[in-house]
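No hydrogens, no waters, no symmetry mates; every other heavy atom, side chains included, goes into these values. Remember, it's 1-based here, ligands and their atoms both numbered in the order they're listed.
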Amino acid sequence: MFSSHADYRKLEDRARRVLDPGVFDFYAGGSGDETTLAANEAAWGRISLRPHVLRDVSGVDIRTRVLGQELAGPVCVAPVGYQTLAHPEGELVTARGARRAGALLTVSSRSSRRIEDVAAEAGPWWFQAYVLRDRGLTRELVCRAAAAGATALTLTGDTPYLGRRRRDRDPGLIPDEIFRVNLGDGFDRALAEQASDVTYDDIAWLREVSGLPVVVKGVLRGDDARECAAAGASGVWVSNHGGRQLDGAVATAEALPEVAAAVGDLVEVYADGGVRTGVDVLRALALGARAVFVGRPVLWCLATGGEDGVAAGLAELSEGLAHAMGLAGVTVIAEITGGLCHPAAGRNNVEG
Ligand SMILES: Cc1cc2nc3c(=O)[nH]c(=O)nc-3n(C[C@H](O)[C@H](O)[C@H](O)COP(=O)(O)O)c2cc1C
């Protein structure tokens, strides 16, 4: 389904045909001039690889561990809100597809199905937390996620408020009943919007109230990554929210080497944004990511193929990674080091 960017565009086109145009644009769009949205995909393409030759690659194994949890592979599902706009069963279907593919799932705070119902369908999963203006409500959500079996929290740090997205033209796209699925009725909707005063101190607070490790999503700088680690984060997730927050923000492929160099020895590093092929996954791992997350590709699979589509799309991305690893002369994830990248990629890659 996506062994090349051309295949990915075909999948996206199929999704465009089946989705309501306003929903497609809400999913596909980015903020401002969509500079960062475009930069994400393009930047992976600029990372040249240095394959080995004459290695026995008759068996390639993509299994890995993320926060101590054994996974079938490093391709994971990013948190994406309001999936019932793409499929009547929304997140339930994504959860089933991800479980079949053995992929770690991240469930959004803006899930349009109840957290407990998604958990019942999921394999390994994390919960993506926003700190909401009502911190009591935030606490309730993360505790519900922990009780339902989430193994980590992802604190999204890049969304003190929403980016301005030209393609989100319908203010009524997310009706109140979808917005409130996990929140209940008895409060002012404004209190359930993201707080704009979230700080590094909230990492420890979320850990304490949920009892779960916290991964900070949206990190694009080495100094911030160090702050996160010092504040008790177990991982940092290099992301610019798929080009939906600060337009002009650096592409994730360009930010990843700096973040990995800053904290790669201290905490786990992940990446998302424009990852479309198995080769892109290989590039991200070579630049220092332990796992990658995909957002829009999963939405397109959900819209066009439901559970089978999600399972097949994720399996194909993992198969693409295994194929690329063999061609690069590596057989296990631990062998994917900076040495696979051309020096221009900016990481210490003299060794291995
Ligand atoms: C429609 C849509 C909704 C999203 N909702 C959330 C969300 O609720 N929480 C969050 O942390 N990130 C959210 N994201 C960002 C994704 O988690 C991820 O960072 C991004 O989609 C990765 O880029 P990609 O779509 O190019 O793979 C959303 C992205 C999209 C496209």
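- Taking every non-hydrogen atom of His241 and a distance limit under 4.0 Å, the qualifying atoms of ligand 1 come out as 6 (C), 10 (C), 11 (O), 12 (N), 13 (C), 14 (N), 15 (C), 19 (O).
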Next on the checklist: Pair His342, Leu49 - check side-chain contact (heavy atoms from CB on, under 4.5 Å), show working.
Outcome noted: CA-CA 6 Å; His342 190 270; Leu49 294 163; over 6 Å; no
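- Checked for salt-bridge contact, Arg144 and Glu116 meet the test: a charged N lies under 4.0 Å from a carboxylate O.
- Residue Gly274 places at least one N or O, backbone or side chain, under 3.5 Å from an N or O of ligand 1.
- Ring orientation note: the planes of Trp237 and Phe293 are close to parallel, at an angle under 30° on the 30°/60° scale.
- Contacts between Tyr82 and ligand 1 below 4.0 angstrom, taking non-hydrogen atoms only, are absent altogether.
- Remark: among candidates Gln83, Arg244, Glu41, Arg296, the nearest residue to atom 30 (C) of ligand 1 is Arg244, based on non-hydrogen atoms.
- Nearest protein heavy-atom neighbour of atom 5 (N) of ligand 1: Gly81 N, 3.2 Å.
- Counting atoms of ligand 1 from 1 in the listed order, those under 4.0 Å from a heavy atom of Gly295 are 21 (O), 24 (P), 25 (O), 27 (O).
- The protein non-hydrogen atom at the shortest distance from atom 28 (C) of ligand 1 is Pro79 O, 3.7 Å.
- Across all their heavy atoms, Thr94 and Gln83 have their closest contact at OG1-OE1, 2.7 Å.
- Under the 4.5 Å side-chain heavy-atom criterion for ILVMFWY residues, a single connected hydrophobic cluster contains both Leu321 and Val60.
- Close approach of ligand 1 to Ser239 is summarised as follows: ligand atoms under 4.0 Å from at least one heavy atom of the residue are 19 (O).
- Summarising the contacts of atom 20 (C) of ligand 1 with Gly243, Gly242, Ala271, Gly29, the nearest heavy atom is found in Gly242.
- For the pair Lys10 and Asp13, the salt-bridge criterion is not met [side-chain N within less than 4.0 Å of a carboxylate O].
- Residue Ser108 has at least one heavy-atom neighbour below 4.0 Å for each of these atoms of ligand 1: 7 (C), 8 (O).
- Protein heavy atom nearest atom 18 (C) of ligand 1, with residue, atom name and distance: Asp272 OD2, 3.2 Å.
- Residue-ligand proximity: Val275 is placed with every non-hydrogen atom at 4.0 Å or more from ligand 1.
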Item to check | ring-ring contact (aromatic ring centres under 6.0 Å, His included) evaluation trace for Trp205 with Tyr200 | outcome: CA-CA 9 Å; Trp205 177 67; Tyr200 294 104; over 10 Å; no
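- Using a 4.0 Å cut-off between charged nitrogen and carboxylate oxygen, Glu34 and Arg165 do not count as a salt-bridge pair.
- For atom 31 (C) of ligand 1, the nearest protein heavy atom (residue, atom name, distance) is Tyr27 O, 3.4 Å.
- Contact of the Tyr8 side chain with the Asp280 side chain is not registered, since no non-hydrogen atoms from C-beta on lie closer than 4.5 Å.
- Atoms of ligand 1 lying under 4.0 Å from at least one heavy atom of Thr156, given by number and element, are 10 (C), 11 (O).
- Closest heavy-atom approach to atom 10 (C) of ligand 1 within the set Gln245, Lys217, Arg276, Gln194: this belongs to Lys217.
- What sits closest to atom 7 (C) of ligand 1 on the protein, heavy atoms only, is Tyr130 OH, 3.5 Å.
- In this structure, Arg167 is not positioned above the aromatic face of Phe26 in the sense of NZ or CZ being under 6.0 Å from the six-membered ring centre and within 45° of the axis.
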